[in-house]
Amino acid sequence: MEEKTNITPTNFIREIIDDDLKTGKHTLIHTRFPPEPNGYLHIGHAKSICLNFGIARDYNGLCNLRFDDTNPEKEDIEYVDSIQEDVKWLGFDWADRMYYASDYFHKLYDFAVQMIKDGNAYVDSSTAQELKDMRGTPTEPGGLSPYRNRSVDENLRLFTEMKEGKYDDGAHVLRAKIDMASPNMHMRDPVVYRIKKATHHNTGDEWCIYPMYDYAHPISDWMEGITHSLCTLEFEIHRPLYDWFLEALNLKNRPRQIEFARLNLTYTVMSKRKLLELVQEGFVSGWDDPRMPTICGLRRRGYTPESIRNFADKVGVAKRDALTDVALLEHAVRDDLNKKAPRVMAVLKPLKVVLTNYPDDLTEEMETVNNPEDESMGSRKIPFTKEIFIEQDDFQEVPEKKFHRLSPGKEVRLKSAYIIKCDEVVKDADGNITELRCSYDPETKSGSGSTRSVKGTIHWVSAKHAVKAEVRLYDRLFTDEDPAGHEEKDFRELINPDSLEILDNCLIEPELAKAKAGDKFQFVRMGYFCVDPLSNDKILVFNRTVGLKDSWAKMKTN
RNA sequence: UCUCGGGUCGUCUAAUGGCAGGACAGCGGCCUUUGGAGCCGUUAGUGGAGGUUCGAAUCCUCCCCUGAGAACCA
């Protein structure tokens, strides 16, 4: 399922598991990934997926996929499908253990009846506002509901009638009877069931009452035999309630909830709500816009599952809030693609070069390796002719200091071809450079054993053979490191206006014309690129996954 | 204000009373037919003040900073 990495993750959760194994508390480790199907998965979910499935894999345990679908108003089958696709794509397998919390609605109902019989739950007929008023504040205890001491029989009758659809939404709720004076607001007789006459994506119109997360989650975990229920920090305050339900129902072999810090990445937002707003308000083209931190966005951008898994291992798991540098993610994908991506030549901003002393009709096939990191990837031939295109940025009429590329009177090597010298700069009436006239040194053919060397090597394509393509350059979506972290500023104000640059006049080597959607390449000296699914017979579209490290650019900014 | 969490290089993360280490980023160098990759080197940290101890990032006290908590959301 997963290729070996040199990283052995260790974290406080694995230590707890090691201990549980050692003491014999558990012999089989069982985790679960429990998304609510109300949005697309993002890189933060990927961290949780890698954690849960990774633990199952390393401990020879099991990890379930469970849809936490207790709120029919927000959930949709569209998300159920995309979530499965994304988890699979990341390289994980739940075998036959895909569940829905809604699969357990009958059992959950029976447990609720039992809680009523045990005096642990009651039907409250207060309005939402009254409930809110009775709850108190973090510093003041709440008040007791006038319905708190209804008889078991009356509670049973009302709860049955709620289920039967006799009441409108909001008329009654079922509440756990705990402690209205608890300093933990979640323990102040929390709602267990509410009436919602809504169609559920999985159970249709079978139910008009739906359980709350705090109630459904621990019981779902228990029913699946989950040993370690991993969730993010915001649920820490819910843990006493998680334990209370299991205790109140006298369930044995209880799962243990353990919280860890969610992933935050610099220069992006991670909340489903904000991501949805970016999509709905047209700041991006969709959930899979390559600038989005969604799994589908990263996939379209050209990220590999391995790179995301390695990233998840590298960020680690702890309890302190963190904002991880997106450079770490970029490093992970460079690291992976460096080993896998074939090198090809592509000129993004072409500048014509005529080799004045090269035979007019000659086409030479130049041999070049596909990946210097991996000999097994072999080599290929690329056509070389009198007229070629090079990158505009690889020429400077008045060269800056330490500029090792082409300039008047200077030499540069064309990768896998010859050394050329710039003899003449041709300009149009407005003074724009339209063409370079150069001469080549026939003694310096690549692979011929020529020993002459020059400082710079640049990429090129043959004018006659090059294929046109569109290339999309992506930059960070926000100009601020933590766009969601400002109270006085809306994250929308911090959107980077230059996060997408479309180049529609790029020239690629002919070999690339065969590329199919999703194919990944290193454009030599430019970065890693992949074929966008939008590509068709008419036009090839490439997305830049990430640029190469560029020490020249860095030198200039310093 | 109250309750519960959390504070280790710029960032992320180790240490479990015994040499504060790794990764990313940065910087310097080597190498290079990718100014890529690789290799070598290097900068940089225990929030503060006390205390316990032969010895404290780790234990205790106080303080500071920070996150979460008052949906019929998850």
Side-chain angles (χ1 to χ4, degrees), chain A residues 7 9-12 15 34-36 38 68-71 73-75 124 126-128 131-133 135-140 142 169-170 172-175 182-186 188 190-196 209-210 212-214 216-217 231 233-240 259 261 263 266 272 313-332 334-335 338-339 343 345 368-369 371-373 402-405 413-417 419 444 446-447 450 453-459 481 522-527 547-555 558:
Chain A
I7 304 160
T10 172
N11 57 58
F12 76 100
E15 282 174 16
E36 183 187 15
N38 70 342
D68 216 337
D69 56 349
T70 56
N71 186 354
E73 287 168 346
K74 291 189 177 174
E75 294 145 9
D124 197 318
S126 306
T127 64
L131 247 28
K132 189 176 179 176
D133 294 342
R135 194 153 16 238
T137 70
T139 48
E140 303 161 279
D169 288 13
H172 309 281
V173 289
L174 184 73
R175 298 177 77 183
S182 171
N184 182 341
M185 302 284 289
H186 295 283
R188 320 241 265 225
V191 173
V192 174
Y193 265 92
R194 76 285 216 194
I195 301 169
K196 256 187 207 294
I209 56 171
Y210 291 94
M212 299 290 288
Y213 164 87
D214 282 317
H217 207 88
C231 62
L233 249 31
E234 68 268 29
F235 293 101
E236 194 160 29
I237 196 137
H238 297 243
R239 191 183 343 127
E259 311 84 15
L263 174 72
T266 54
K272 279 188 193 172
D313 286 342
K314 284 179 186 207
V315 293
V317 179
K319 290 198 75 161
R320 66 185 92 99
D321 294 307
L323 178 60
T324 299
D325 192 338
V326 72
L328 190 60
L329 215 211
E330 293 174 345
H331 170 264
R334 272 194 204 100
D335 192 46
N338 179 45
K339 292 175 261 175
R343 272 58 168 170
M345 304 241 248
T368 189
V369 297
N371 189 343
E373 303 293 316
K402 292 192 178 173
F403 183 77
H404 300 316
R405 286 112 97 163
R413 175 172 282 283
L414 296 175
K415 183 167 171 60
S416 304
I419 291 176
T444 58
S446 189
S450 156
S453 76
V454 286
K455 266 283 197 198
T457 300
I458 63 173
H459 59 281
E481 206 175 58
Q522 183 196 107
F523 288 1
V524 171
R525 301 205 308 132
M526 303 306 286
L548 255 23
K549 280 211 286 186
D550 189 344
S551 46
W552 168 247
K554 196 180 288 169
M555 203 163 87
N558 287 345

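Predicted model only: the values in this text are computed from it and were never measured. Within every chain, numbering begins at 1; the chains are lettered A, B, ... in the order of the sequence lines, protein sequences first and strands thereafter. Side-chain atoms are counted along with the backbone in the values below, which use heavy atoms only and exclude waters and symmetry mates.
Within the structure, a side-chain polar atom (N or O) of R194(A) is placed less than 4.0 Å from OP1 or OP2 of A74(B). Residue K196(A) places at least one side-chain N or O under 4.0 Å from the OP1 or OP2 atom of C73(B).
Nucleotide A68(B) is matched to U3(B) when pairs are restricted to Watson-Crick or G-U wobble geometry with both distances under 3.5 angstrom. Base pairing of U34(B): no nucleotide in any strand meets the Watson-Crick or G-U wobble criterion (both distances under 3.5 Å). Of the nucleotides present, G51(B) is the one that pairs with C59(B) by Watson-Crick or G-U wobble criteria, both distances under 3.5 Å. Of all nucleotides present, none satisfies the Watson-Crick or G-U wobble test against A20(B) with each distance under 3.5 Å. Here G41(B) sits opposite C27(B) as a Watson-Crick or G-U wobble pair (both hydrogen-bonding atom distances under 3.5 Å).
Summarising the geometry, atom NZ belonging to K455(A) is positioned 14.0 Å from atom CZ belonging to F403(A); distances are rounded to the nearest 0.5 Å. Considering CG of L548(A) and CE of M526(A), their distance stands at 9.5 Å, rounded to 0.5 Å.
Side-chain atoms of H238(A) stay outside donor-acceptor range of the base of A68(B), with no qualifying N/O pair under 3.5 Å. Contact annotation: side chain of S416(A) to base of U33(B), donor-acceptor pair absent below 3.5 Å.
Within the 4.5 Å cutoff, no side-chain heavy atoms of T70(A) are placed close to those of H217(A). When side chains are defined from C-beta on, K549(A) counts as touching R334(A), because their heavy atoms get closer than 4.5 Å. Side-chain contact between L414(A) and I458(A) is present, with heavy atoms from C-beta onward closer than 4.5 Å.
Look at the P atom in both U16(B) and C24(B): the space between them is 24 Å, to the nearest Å. A gap of 22 Å separates the C1' atoms of G47(B) and U43(B), to the nearest Å. The gap from the C1' atom of A44(B) to that of C30(B) amounts to 24 Å, rounded to the nearest Å. Rounded to whole Å, the P atom of A56(B) lies 14 Å from the corresponding atom of G17(B). A70(B) sits 28 Å from C62(B) when the P atoms are compared, rounded to a whole Å. Taking the P atom of each, A14(B) and C9(B) are spaced 13 Å apart, rounded to whole Å. U58(B) and G51(B) are spaced 15 Å apart, taking the C1' atom of each and rounding to whole Å. Using atom C1' as the reference point in both G45(B) and U11(B), the two lie 12 Å apart (nearest Å).
Between the CD atom of E236(A) and the C1' atom of G69(B) there is a distance of 11 Å, given to the nearest Å. The distance from atom NE2 of H217(A) to atom C1' of A74(B) is 10 Å, rounded to the nearest whole Å. Nucleotide C24(B) holds its C1' atom 14 Å from the CG atom of L263(A), rounded to whole Å. The interatomic distance linking D133(A) (CG) with C72(B) (C1') rounds to 15 Å, in whole Å.
Checked against A70(B), A74(B), G35(B), the side chain of T137(A) finds its nearest nucleotide in A70(B). Listed nucleotides A70(B), A74(B), G35(B) differ in distance to W552(A); the shortest reach to its side chain belongs to G35(B).
At a threshold of 4.0 angstrom between heavy atoms, the contacts of F523(A) with the nucleic acid are absent. Using a 4.0 Å heavy-atom distance criterion, F235(A) is classed as a base contact. As judged by a 4.0 angstrom heavy-atom cut-off over every strand, R188(A) is placed among residues making no nucleic acid contact. Within the nucleic acid shown, K132(A) comes within 4.0 Å of sugar-phosphate atoms alone, with no base atom in reach, counting heavy atoms only. Here G447(A) lies in heavy-atom contact (under 4.0 Å) with a base. Heavy atoms of M212(A) sit under 4.0 angstrom from primed sugar atoms or phosphate atoms, though from no base atom. Residue contacts shown for V191(A) are limited to sugar-phosphate atoms, with no base heavy atom under 4.0 Å away. As judged by a 4.0 angstrom heavy-atom cut-off over every strand, T368(A) is placed among residues making no nucleic acid contact. Residue contacts for N184(A): at a heavy-atom cut-off of 4.0 Å it reaches no nucleic acid atom on any strand shown. Here T457(A) lies in heavy-atom contact (under 4.0 Å) with sugar-phosphate atoms only.
Between K74(A) and E36(A) there is no salt bridge, since none of the side-chain N atoms of the basic residue sits less than 4.0 Å from a carboxylate O of the acidic one.
Inspection of the S126(A) and D124(A) side chains reveals an N or O donor paired with an N or O acceptor under 3.5 Å.
The residue among M185(A) and Y213(A) whose nearest nucleotide of RNA chain B lies closer to the 5′ end is M185(A).
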> How does protein contact run along nucleotides 9-22 of chain B, one letter per nucleotide 5' to 3', with B for base contact, S for sugar-phosphate only, - for none, heavy atoms under 4.0 Å?
Replying inline: --SSBSSB------
What protein N or O atoms touch nucleotides 36-38 of chain B N or O atoms at under 3.5 angstrom, if any, and at what distances?
| residue | atom | partner | partner atom | Å |
| --- | --- | --- | --- | --- |
| G36(B) | OP1 | S551(A) | OG | 3.1 |
| G36(B) | N2 | R343(A) | NH2 | 3.2 |
| G36(B) | N2 | E373(A) | OE2 | 3.0 |
| A37(B) | O2' | N338(A) | ND2 | 2.9 |
| A37(B) | O2' | E373(A) | OE1 | 3.1 |
| A37(B) | O2' | E373(A) | OE2 | 3.0 |

>> Apply side-chain contact (heavy atoms from CB on, under 4.5 Å) to residues E373(A) and R343(A) and explain how you reach the verdict.
In response: CA-CA 10 Å; E373(A) 303 293 316; R343(A) 272 58 168 170; 3.8 Å; yes
